[in-house]
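Not measured: the values here are computed from a predicted model. The sequence lines fix the lettering, A, B, ..., with proteins before strands; numbering per chain opens at 1.
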Amino acid sequence: MSMDFKKIEKKWQDKWAKEKVFEANPIFNQKKYFITVPYPYTNGPQHIGHGRTFTCGDAFARYKRLKGYNVLFPMAFHITGTPVLAISRGIQNNDKIIKTRFTEYVALDTKNKDDVKKIVESFKEPWNIVNYFAKTFKTGFDELGTSIDWRRSFTTGDTEYNAFVTWQFNKLKDKNYLEKGKYPILFCLNDQNAVGEDDILSGDEIDLAIQEYTCIKYPYKDGYLVASTLRPETVYGVTNIWINPQATYVKVKINDDIWYISKKAASKLEYQDKTVKILEEFKGKELIGDKCKTPINNRDIIILPATFVDDDNATGVVYSVPAHAPFDYIALMDFKKDVKTQKQYGFKKEDIDNIKIIQIINLEGYTDFPAKEAIEQFEIKNQNSDKLKLATEKIYKDEFYKGILNDKCEDFKGLKVADAKEKVIEKLNKTNKIDKFYRPITPTIKCRCGGDVIVHILDDQWFLNFNQGTWKKDAFDCLNNMNITPSKYRTFFENVFNWLDKRPTARKRGLGTKLPFDTNWIIEALSDSTIYMAFYTIINKIKENKIPSDKLNIELFDYVFLNKGAIKEVSKKTGINETILKEMQDEFNYWYPLDHRHTAIMHISNHLSFFIFHHTAIFPKNKWPKTITLLEPVTVEGSKMGKSKGNVLPLIKTIRKYSADVFRLYILTSAGFASSVDWREIEVEKTQKHIDKITSLIQKYYNNNNNNVKIKQTTNVKALVSRFTQKIIDAESNIESFDLQKYAQIIIFDIYNLISAFEKRANDDEKQILNEIINTWIITLSPIIPHICEELFEIYQNKGFVAKAEWPKTKNKKIDTKSIDMMDFVDTVIEDIHNIKKQVRIETKQINIYISPLWKFTVRDLVFDNKNNAKGLIPIVMKNVEARKQGDLTVKYISNLTKEIHSLQKYELTQENEINILNEAKKVLEAELKCNIQIENSDKSKSDKAKRAEPGKPGIEIL
RNA sequence: GCAGGGGUCGCCAAGCCUGGUCAACGGCGCUGGGCUUAGGACUCAGUCCUUUAGUAGGUACGAGGGUUCAAAUCCCUUCCCCUGCACCA
């Protein structure tokens with residue numbers, strides 16, 4: 001009978017929902033297990049990466065249920081931040097890319113084209129996006145067969161959730177973990193608003209980092225010519241200033257200073273926490289030929305023209321260090337040769353000749369000026385060469401790590417560049433000759449609205465300060481007591497913890513919760529998603545009792561989560577009746593702490609770390625989380641999934657193509673947590689076939705006969721039962737240490753192989769044991785392929801849900817190692833026969849098997865018992881009468897055994913065992929090998945082959 | 001740069017933590033047999049080299065050293081590749 005997987009899956013998903021199988025309520029005398037997977041960001045359909053994480057989480061949840069735990073496995077929807085807004089803006093503006101993308105998304109689950117169009121149009125309203133995708137996420141996870149308690153779902157934009165986060169941030173404020181400060185952000189000049197990845201054109205492809213330039217103030221006229229640089233330590237080697245003669249410059253009042261900078265720079269500085277008043281405006285060429293002073297030793301340097309200077313980059317003024325900057329070097333060389341330009345600006349020859357290149361850094365491996373050498377090395381011919389950038393990068397790196405400042409640098413002589421940088425800044429700062437200028441690391445960033453993106457410094461940014469008070473210490477305390485699996489990721493956490501400092505915690509716009517004490521700010525997406533697992537424990541009660549969110553005040557949460565306040569008072573203040581309050585508190589206390597959080601490693605550096613930090617900030621120690629398991633992402637045919645690559649596989653599409661159980665099995669068996677799963681079509685199809693094989697094997701031997709028929713306990717049967725039990729024990733210990741892959745491999749492949757090997761060698765009576773074996777097997781298979789298991793369980797057992805079955809008890813089951821050894825022995829014999837047959841390639845009519853003589857058993861045991869006494873071995877063995885009789889043969893056999901003495905194992909079978917088991921298996925062997933088999937004791941045989949017989953390795957003769 | 005991960009027999013990929021049972025799981029590909037009218041599918045066998053009626057030897061786990069009776073596995077050096085680095089969730 002072949003099975004219609006899709007029909008079966010739908011059937012059981014409906015049944016689970018109808019019978020509320022996964023709705024978890026506190027049962028106070030039952031042990032509980034609370035497992036969560038981070039809620040996914042709900043701005044598109046889920047992909048197979050989500051599928052992996054949830055499949056694993058679900059497998060754990062299902063296993064724990066079998067083990068008798070009351071399991072809570074909830075999920076919700078994350079919508080905080082700007083991405084959803086960016087989408088609705090895109091739809092409003094008829095953005096083609098966004099519209100196409102979302103039409104595709106909606107089409108995944110909606111067939112009618114007009115409906116698709118209508119739905120996409122509705123996305124002009126952000127909440128429609130959220131609601132739509134929340135619904136498709138639920139569909140997707142239902143179709144995957146995840147055992148989620150949906151009563152507890154919510155979105156992070158719900159008012160109830162807002163109330164919860166409001167409480168959380170009040171707690172953080174009380175702890176003094178929140179503070180205000182300055183912070184540079186990307187900002188759109190057109191929108192006059194902060195922008196993030198989603199708001200920026202190709203934001204997912206370009207580097208959005210902010211780069212801090214150092215501005216050095218060169219005294220000039222009544223103020224300063226302000227040049228910007230990434231390498232302030234080179235100020236000792238400055239030879240001249242570069243100005244773009246074509247660009248527009250300004251004399252401008254910056255705070256209390258007069259600066260000469262490009263006009264574009266002045267307009268940007270307005271956003272960088274400075275007051276800006278333009279006094280004069282002029283072309284760059286008017287500065288050419290003037291002189292200014294160096295800020296450190298008051299030298300005169302000249303201002304030269306250079307077209308490579310970009311007035312849109314930083315201050316538009318560049319100071320020239322030709323010894324160490326390839327751009328400067330080549331420009332200076334060009335200028336020295338360019339008599340025409342010199343004349344044009346009226347330079348005197350002596351002015352030009354006076355410009356001497358100053359080398360300030362000694363660098364191993366370079367004999368000449370480093371910049372000059374790099375130019376030669378890269379074969380750069382002129383100022384416009386693309387290779388100049390490479391040369392600059394190389395010099396920058398080499399000098400930063402290997403360069404030593406020389407005697408031109410006064411007090412800093414002998415310092416490494418890396419160390420000198422800070423000190424030079426400090427020195428310039430003492431005489432107020434330094435400032436900062438921020439710019440995006442990518443030169444021209446455009447907002448989706450078309451506006452230019454610059455760096456804006458906010459002076460009232462809210463931060464979480466992870467270094468405040470005992471916060472970090474507490475977080476480490478929590479981490480040290482947690483199980484992190486795979487364990488190699490623990491150091492990753494430790495590094496992140498050490499590195500965490502201040503984190504901006506609110507933004508100017510986006511969906512989410514307002515900062516309670518400063519409502520201009522929205523709490524940012526990662527900060528509002530740190531302790532929400534606690535919210536799962538009570539949201540069902542809030543919904544069930546229709547508690548309006550304005551009643552969810554601080555007193556309420558204090559009472560429920562922290563057991564603060566008298567219930568009567570709280571009830572008065574919240575207007576919620578006491579019974580409900582008590583129920584909520586009890587439920588929280590029942591489920592918390594969170595036992596297990598499972599997710600992808602990418603979340604370590606932010607979400608998971610914040611998760612730990614915030615738990616320690618808000619909750620008492622006995623409510624801190626206990627376990628985190630982590631996995632690598634999913635790749636598709638060897639490459640990373642990405643929107644831009646167009647290779648993102650939506651979960652729904654994939655499940656509908658292959659069925660949920662195939663997906664689950666593939667995901668669980670193909671990689672361990674510490675490696676990425678590669679989704680390969682060919683392999684997935686194999687998985688499909690494997691499931692077919694398993695189900696047909698099961699169907700062949702599974703039946704309704706549960707009357708404990710007496711099955712003859714042959715060695716074969718005993719060995720099967722023992723091997724099977726051993727596998728179940730192994731599988732259990734693997735999943736207990738969170739190794740799902742090993743678990744699945746054992747349950748799926750090992751046991752399948754075990755049963756099919758048994759099938760080959762067993763007679764019909766013996767095969768009756770399979771019904772009982774399979775019944776147990778189905779239960780252990782169910783965390784992996786739950787739908788098929790439910791179906792089979794129903795057909796053959798009809799005892800309710802396999803999801804609620806009981807994990808097999810292995811404690812009192814004996815593993816009969818002797819039977820296993822005996823069957824192993826048979827396997828070895830068969831393998832050897834096959835090996836020999838391969839070589840001889842003759843028609844076999846008769847096979848003689850010669851069992852080892854008794855004395856070899858004796859000798860082997862003696863050798864094993866004395867394996868640590870290699871030298872005394874022969875005399876010891878020779879004390880034995882039987883051994884001595886054999887003379888030389890014994891010595892030879894001993895020397896054979898000692899060759900591998902380190903790996904010599906105890907041999908458990910006796911000669912009698914060997915003879916008996918082969919006789920027992922004789923018929924099966926004859927059938928399998930299609931010939932007569934004769935078993936002889938080699939003591940009584942004169943055959944050559946009999947002489948080589950050893951315990952465990954009988955002599956074999958093929959005739 | 002800082003931090004993390006990795007280089008395994010054509011390809012993908014286990015093993016490495018806890019050294020021996022590792023010529024190294026598994027899959028793909030390839031070769032041959034069976035089954036088929038054929039193909040596909042399925043199935044059996046082979047797939048580092050040599051040797052052989054089975055259990056043997058050699059060379060191998062990026063490269064080079066070291067520790068050990070014994071190293072893919074531990075240590076050191078070196079070459080190469082990948083990922084993250086904060087407002088993006």
Taking the six-membered ring for Trp, is the centroid-to-centroid distance between Phe154(A) and Tyr161(A) below 6.0 Å? yes
Taking the side chain of Ala525(A) as its heavy atoms from C-beta onward, which of A89(B), G4(B), C85(B) lies nearest to it? A89(B)
Who pairs with Phe77(A) by ring pair (Phe, Tyr, Trp, His ring centres under 6.0 Å), at least two apart in sequence or on another chain? none
What nucleic acid atoms does Pro954(A) come within less than 4.0 Å of, heavy atoms only: base, sugar-phosphate, or nothing? base
Expressed as a whole number of angstroms, how long is the span from Leu500(A):CG to A86(B):P? 12 Å
What distance, rounded to whole Å, do you find between the two P atoms, one in A23(B) and one in G58(B)? 12 Å
For C2(B), what is the paired nucleotide under Watson-Crick or G-U wobble rules, both distances under 3.5 Å? G84(B)
Watson-Crick or G-U wobble partner for G19(B), using a 3.5 Å limit on both distances? none
Side-chain N,O (Arg507(A)) to OP1/OP2 (A89(B)) below 4.0 Å: yes
From CE of Met602(A) across to C1' of A86(B) the rounded distance in Å is 13 Å
Anything under 3.5 Å between a donor and an acceptor, one on a side chain of residues 454-462 of chain A, the other on a protein residue two or more places apart or in another chain? List them.
{"from": "His456(A)", "atom 1": "ND1", "to": "Tyr271(A)", "atom 2": "O", "distance (Å)": "2.7"}
{"from": "Gln461(A)", "atom 1": "NE2", "to": "Ala506(A)", "atom 2": "O", "distance (Å)": "3.0"}
{"from": "Trp462(A)", "atom 1": "NE1", "to": "Asp518(A)", "atom 2": "OD2", "distance (Å)": "2.8"}

In whole angstroms, the gap separating P of A89(B) from CG of Leu85(A) amounts to 10 Å
Can you check the distance between A56(B) and U36(B), where both ends of the measurement are the P atom (answer in whole Å)? 40 Å
Candidates A86(B), A89(B), A41(B) - which lies nearest the side chain of Lys689(A): A41(B)
Would you say the ring centers of His78(A) and Tyr532(A) fall short of 6.0 Å from each other? no
Ring center gap for Trp521(A) and Phe169(A) short of 6.0 angstrom: no
Test: Arg597(A) cationic atom under 6.0 Å from Phe611(A) six-membered ring centre, within 45° of axis: yes
Taking atom P in both C48(B) and G27(B), compute the distance separating them and give it to the nearest angstrom. 15 Å
In whole angstrom, what separates Ile748(A)'s CD1 from G27(B)'s P? 15 Å
Determine which nucleotide pairs with U73(B), using a 3.5 Å limit on both distances of a Watson-Crick or G-U wobble pair. none
Taking 4.0 Å as the cut-off, does a side-chain nitrogen or oxygen of Thr82(A) come that near to OP1 or OP2 on A89(B)? yes
Whole angstrom is fine here: how far is it from CD1 in Ile79(A) over to P in A89(B)? 12 Å
Can you check the distance between C11(B) and A63(B), where both ends of the measurement are the P atom (answer in whole Å)? 14 Å
Considering only the C1' atoms, how many Å lie between U31(B) and G10(B), rounded to the nearest integer? 14 Å
Can you confirm whether or not the ring centre of His47(A) sits under 6.0 Å from the ring centre of Trp679(A)? no
Work out how far the C1' atom of A45(B) is from that of G54(B), and round it to whole angstrom. 16 Å
When both distances are under 3.5 Å in a Watson-Crick or G-U wobble arrangement, the nucleotide paired with A53(B) is none
Test: Lys700(A) and Glu759(A) ion pair at under 4.0 Å: yes
In whole angstrom, what separates His78(A)'s NE2 from A89(B)'s C1'? 7 Å
Using both distances under 3.5 Å as the test, list the Watson-Crick or G-U wobble partner of U47(B), or none. G29(B)
Nearest to the side chain of Thr491(A), heavy atoms from C-beta on, is which of G84(B), G4(B), C88(B)? G4(B)
Under a 3.5 Å limit on both distances, the Watson-Crick or wobble mate of U36(B) is none
How many Å lie between CZ on Phe749(A) and P on G26(B), as a whole number? 12 Å
Dump every N/O contact between nucleotides 12-16 of chain B and the protein below 3.5 Å, one line per pair.
{"from": "C12(B)", "atom 1": "O2'", "to": "Arg680(A)", "atom 2": "NH2", "distance (Å)": "3.4"}
{"from": "A14(B)", "atom 1": "OP1", "to": "Ser675(A)", "atom 2": "OG", "distance (Å)": "3.3"}

Please report the distance separating the P of C12(B) from the corresponding atom of G29(B), rounded so that it comes out in whole Å. 15 Å
Can you tell me, in whole Å, how much space there is between the C1' of U73(B) and that of A60(B)? 15 Å
